[in-house]
Amino acid sequence: MKRLLILTALLPFAALAQPLNTMNNPNQQGYVIPSQQRMQTEMMNRQEQQKGMLNQQLQTQTRIQQQNLQTQMNNNSQRIQQTQPGQQQMLPNTSPGMLSGSSSPQSGEQHMLAPRSNGDMLNR
């Protein structure tokens, strides 16, 4: 009798009780296994990263191909201009580089060694 009283006292609370996680019910339609859901999310993240990397590689390859084609076009146009008779033009050398040394010292220049001439070694 005592048990029946305790049971009847707890019955209203049992009726109000709900499962702890209503979304985690395998009998519900659309239920997804949590580990499977984590795996799918991870796979989608990897795919997005790979897609970004492939797009970056594609852009780099396209840029390199465009540069190579532009170089080939420039070379071909120069070759065509050079092979046409009567239209050859010498381009001015605006920066001769190291080959532009002069034999006479310019104003303000000082050399560390005295100038030498033929037979200097005999005069010592």
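Here, residue 1 is the first one in the sequence, and each next residue gets the next number.
- Atom OG1 of Thr41 sits about 12.0 Å away from atom CZ of Arg46, to the nearest 0.5 Å.
- Here the CD atom belonging to Gln56 is positioned 11.0 Å from the CG atom belonging to Leu58, to the nearest 0.5 angstrom.
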Test side-chain contact (heavy atoms from CB on, under 4.5 Å) on Gln36 and Gln40; report intermediate values, then the result.
CA-CA 6 Å; Gln36 185 178 1; Gln40 285 176 344; 3.9 Å; yes
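- To the nearest 0.5 Å, atoms CZ (Arg38) and CE (Met43) are separated by 15.0 Å.
- In this structure, the side chains of Leu69 and Gln72 come closer than 4.5 Å at one or more pairs of heavy atoms.
- Going from atom CD of Gln47 over to atom CE of Met44 covers 7.0 Å, rounded to the nearest 0.5 Å.
- From Gln50, atom CD reaches atom CD of Gln57 across 10.5 Å, with rounding to the nearest 0.5 Å.
- One finds the OG1 atom of Thr60 at 10.5 Å from the CG atom of Asn55 (value rounded to the nearest 0.5 Å).
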